Asker: 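First the structure, which I've put down as structure tokens, then a few questions once you've had a look.
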Amino acid sequence: MNKLDVINLLVPHPVQPRAVEEQFAPSNIALCKYWGKRDRELNLPVNASLSVSLKSLGSRTRLSPIDGLADEVWLNGERQRPETMFASRVSAFIDLFRQHSSFSLKVETHNNIPTAAGLASSASGFAALALALNECLDLQLNPQQLSVVARLGSGSACRSVFDGFVEWRMGQREDGMDSHGIPLDQQWPDLCIGLIKVDASTKAVDSRAGMQRTLETAHLYQSWPLQAATDLSRLQQAIETQDFALLGECAEQNALSMHATMIASWPPLLYWQPDSITAMRQVWQLRQEGLPVYFTMDAGPNLKLLFEASAREVLLEQFPGMEIVQPFCA
Ligand code: PMV
């Protein structure tokens with residue numbers, strides 16, 4: 001089964017583009033990480049994951065039909081050459097919908113994720129593109145189907161189709177139709193996420209390559225699916241009971257366990273930089289002094305702090321310039 005087969009199941013007829021309003025999708029931070037694929041073509045995960053969406057931080061995408069043979073791809077107001085990674089991934093994604101009709105699109109994407117925070121934008125980018133294609137091509141897909149489509153662009157994008165807490169059920173089916181995001185009902189108005197920039201430059205090994213290397217070479221990876229399943233159910237319990245210490249502990253331990261599998265792969269993958277470790281120690285020290293603050297990290301050197309609104313001022317003193325998002329507050 002490949003991506004074209006999946007799109008054919010969802011959209012078996014020719015489509016006609018029309019100019020529509022831009023669509024927004026938020027970035028998301030995983031509290032229980034997606035790490036490892038059981039199907040690399042369809043981005044089907046080895047484990048279920050759980051994230052929180054970053055409300056108004058994310059990607060806006062506008063699509064409009066144009067004459068000509070090639071798409072025109074713009075990012076943050078700058079035209080991207082077709083051979084760039086960004087433009088080629090966007091056009092390859094649109095190709096999935098050009099199986100029965102030919103058309104070209106102008107794609108205008110704006111990311112408002114602070115570039116300084118070093119956050120990945122592929123999750124919100126592919127989610128916004130999936131939402132925009134749904135409107136532009138009048139696909140009439142429901143949110144779960146849109147989550148499936150976004151996953152074909154980038155795994156974690158399937159969670160960015162929704163706001164708030166989102167679980168990505170791993171699913172069992174070969175076509176992946178049961179592997180998509182599900183929004184959770186619970187809110188957590190006090191929950192804050194602090195974005196700490198250690199280094200915002202492009203990393204040498206992206207998450208796609210990193211998770212494959214880990215899966216193929218780290219013996220430690222064998223214990224990851226069980227760890228992730230345990231963390232996921234504890235996180236669900238923490239969210240259900242609004243137990244912040246449990247939420248923070250699970251998220252931090254889950255992130256460190258994922259990094260342990262990276263470090264144990266060959267050649268080793270260490271995304272941390274000296275400043276990442278300094279920030280981790282600072283968090284541990286603050287916790288020892290009684291401040292409930294935890295961190296999570298993705299395939300990069302930057303930390304995302306987890307805390308409640310009451311710790312905001314102290315943490316801003318400790319980490320000046322930290323960008324804070326309160327995902328459940330207006
Ligand atoms: O969706 P990808 O291929 O960029 O992978 C994301 C992987 C992590 O960010 C490390 C974890 C996650 O669940 O977001």
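In each ligand, atom 1 is the first atom listed, and ligand 1 is the first ligand listed. The first residue of the sequence shown is numbered 1, and numbering continues consecutively from there. The model shown is predicted, which means the values in this text are computed figures rather than measured ones.
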Asker: Is it the case that ligand 1 has an N or O less than 3.5 angstrom from some N or O of Lys33?
Answerer: no
Asker: Quick check on the 6.0 Å ring-centre criterion: do Phe93 and Phe126 meet it?
Answerer: yes
Asker: With sequence neighbours left out, what residues match Glu174 under side chain to side chain contact (heavy atoms under 4.5 Å, CB included)?
Answerer: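 Side chain to side chain contact (heavy atoms under 4.5 Å, CB included) check on Glu174 returns Met1.
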Asker: Output yes when Asp206 and Arg208 qualify as a salt bridge under the 4.0 Å nitrogen-oxygen rule, no when they do not.
Answerer: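 Looking at Asp206 and Arg208, the cut-off is not met.
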Asker: With a cut-off of 4.0 Å, which atoms of ligand 1 are near a heavy atom of Ala30?
Answerer: 12 (C), 13 (O), 14 (O)
Asker: Looking only at distances, can you tell me whether any N or O atom of Ser156, backbone or side chain, sits closer than 3.5 Å to an N or O atom of ligand 1?
Answerer: yes
Asker: Does Arg312 qualify as a cation-pi partner of Phe307, given the criterion of NZ or CZ under 6.0 Å from the six-membered ring centre and within 45 degrees of its axis?
Answerer: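 No, cation not above the ring by the 6.0 Å, 45° rule.
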Asker: Which residue is it: Ser49, Ser27, Ser147? I am looking for the one with a side chain to side chain donor-acceptor pair (under 3.5 Å) to Arg159.
Answerer: Ser49
Asker: Within the structure, is a non-hydrogen atom of Ala123 found at a distance of less than 4.0 Å from ligand 1?
Answerer: no
Asker: Just distances here: any N/O of Ser154 and N/O of ligand 1 closer than 3.5 Å?
Answerer: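 Between Ser154 and ligand 1 (N or O atoms, distance only) the closest approach is under 3.5 Å.
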Asker: Arg159 heavy atoms, cut-off 4.0 Å: which ligand 1 atoms fall inside?
Answerer: 12 (C), 13 (O), 14 (O)
Asker: Could you note down all residue pairs passing side chain to side chain donor-acceptor pair (under 3.5 Å) where residues 247-262 supplies at least one of them, sequence neighbours left out?
Answerer: Trp35-Thr261, Gln227-Ser257, Asp231-Asn254, Glu252-Trp284, Glu252-Arg287, His259-Trp272
Asker: Considering only heavy atoms of Gly155, which atoms of ligand 1 have at least one such atom less than 4.0 Å away?
Answerer: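 Answer for ligand 1: 1 (O).
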Asker: Which option wins on minimum heavy-atom distance to atom 7 (C) of ligand 1: Tyr271, Trp168, Tyr34, Phe126?
Answerer: Tyr34
